[in-house]
Amino acid sequence: MNVIRRPDWALPESAATPEAVFLNRRSILRGMGLGAGLLGGASLFGAAARADEGPAAWPGTAPLNPDFADAGRAVTPEDINSTYNNFYEFGSQKQIYDAAQALETRGWTIKIDGLVESPTEISTDDLIASAPIEERVVRHRCVEAWSMVAPWIGFPLSALVERARPLASAKYLRFETFKDPDVARGQRQFWYPWPYVEGVTMAEAANPLAFLVVGAYGKVLHNQFGAPIRLHLPWKFGFKSIKSIVRVSFVEERPVSFWEELQSAEYGFWANVNPEVAHPRWSQATERVLGTDERVPTQLWNGYGAQVAGMYGDLPGEVGERFWR
Ligand SMILES: Nc1nc2c(c(=O)[nH]1)N[C@H]1C(S)=C(S)[C@@H](COP(=O)(O)O)O[C@H]1N2
Ligand SMILES: [Mo]
């Protein structure tokens, strides 16, 4: 079994941060005591709210995972995080939050296919209602050298893998985002290889850090964060964390991701955060902390080495290779 060890930044002197305020609010939410039994019925998880209101409060319980209570940095304020996003389906600029509200995120199904016992489609409501929902506060490091800290609600990717019952021949998971150029106008930009695709190894999918996100900031997931379900891999560059997933395929061949297909010299499959391996056009040594004037040193594996480095010990190739290609 994988035991969660102390993250690299969790020094004993780490002081109280604005998370304390956040955690306090969370326990209020928990105190509302909305049971999981409520979750079986109508579609509660679509972020159906007016853009100016934001999504509804999370309708169930989401106990804070104590292993992820502290990201070693303050949680990025919601208003900043939810108005600075990468979601190229809605445009290549950061302010896509308004355009993303056009996406209807209720009543979705996710196709599970490829090397599994029986290919199927799971409704996102059903998936969420039966998953071990929790909250965790984690770091996110974009390859563009900015970072944020998000309080996600979701469940380990491993729960989906177990449910899918993959065959022994499966070596990778391939994820796909929706494709609907009528709603997502960025998808009319024909030079991008839509739909957005990402992939991980089976070992990465089994790692407790690999998380499927269905809520944020105590709410149903904001469209701009990738509602109704997005992946989050905190030790990898942000582009691996694919949004608004419609299909998960278990495959034998290593998937070619959206960015790899577009520019393989710059965006590889592994994309593990390493301050010493520069992007061909800029340094990865430091990062701008979203919502502050700070630039801080980037940490190897984005600070999650104790949890993930062991997965990469026997990979072939140069040390640099396993980080970004
Ligand atoms: N489908 C899809 N997923 C995506 C992207 C995208 O453009 N489309 N951008 C990626 C990148 S580059 C980053 S940094 C993160 C941004 O997540 P955030 O907007 O929640 O911060 O989403 C990733 N997932
Ligand atoms: Mo990114």
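Order of listing sets the numbers, starting from 1, for every ligand and every atom in it.
Side chain to side chain, T298 and E287 meet the donor-acceptor criterion of an N or O pair below 3.5 Å. For the residue pair E134/N65, the side-chain donor-acceptor check at 3.5 Å is satisfied.
For F225 and W152, the ring centers sit closer than 6.0 Å to each other. Ring centers of F237 and W259: at least 6.0 Å apart, outside the cut-off.
Residues of the protein with a heavy atom under 4.0 Å from ligand 1 are N85, N86, F87, Y88, E89, H140, C142, W146, M148, T177, Y196, F225, R230, G238, F239, S241, I242, K243, listed by chain and number.
Tested against F239, the residues W270, Y267, Y88, F87 include a single ring-ring contact (aromatic ring centres under 6.0 Å, His included) partner, Y267. The only option from F175, F258, F90 that meets the ring-ring contact (aromatic ring centres under 6.0 Å, His included) definition with Y196 turns out to be F258.
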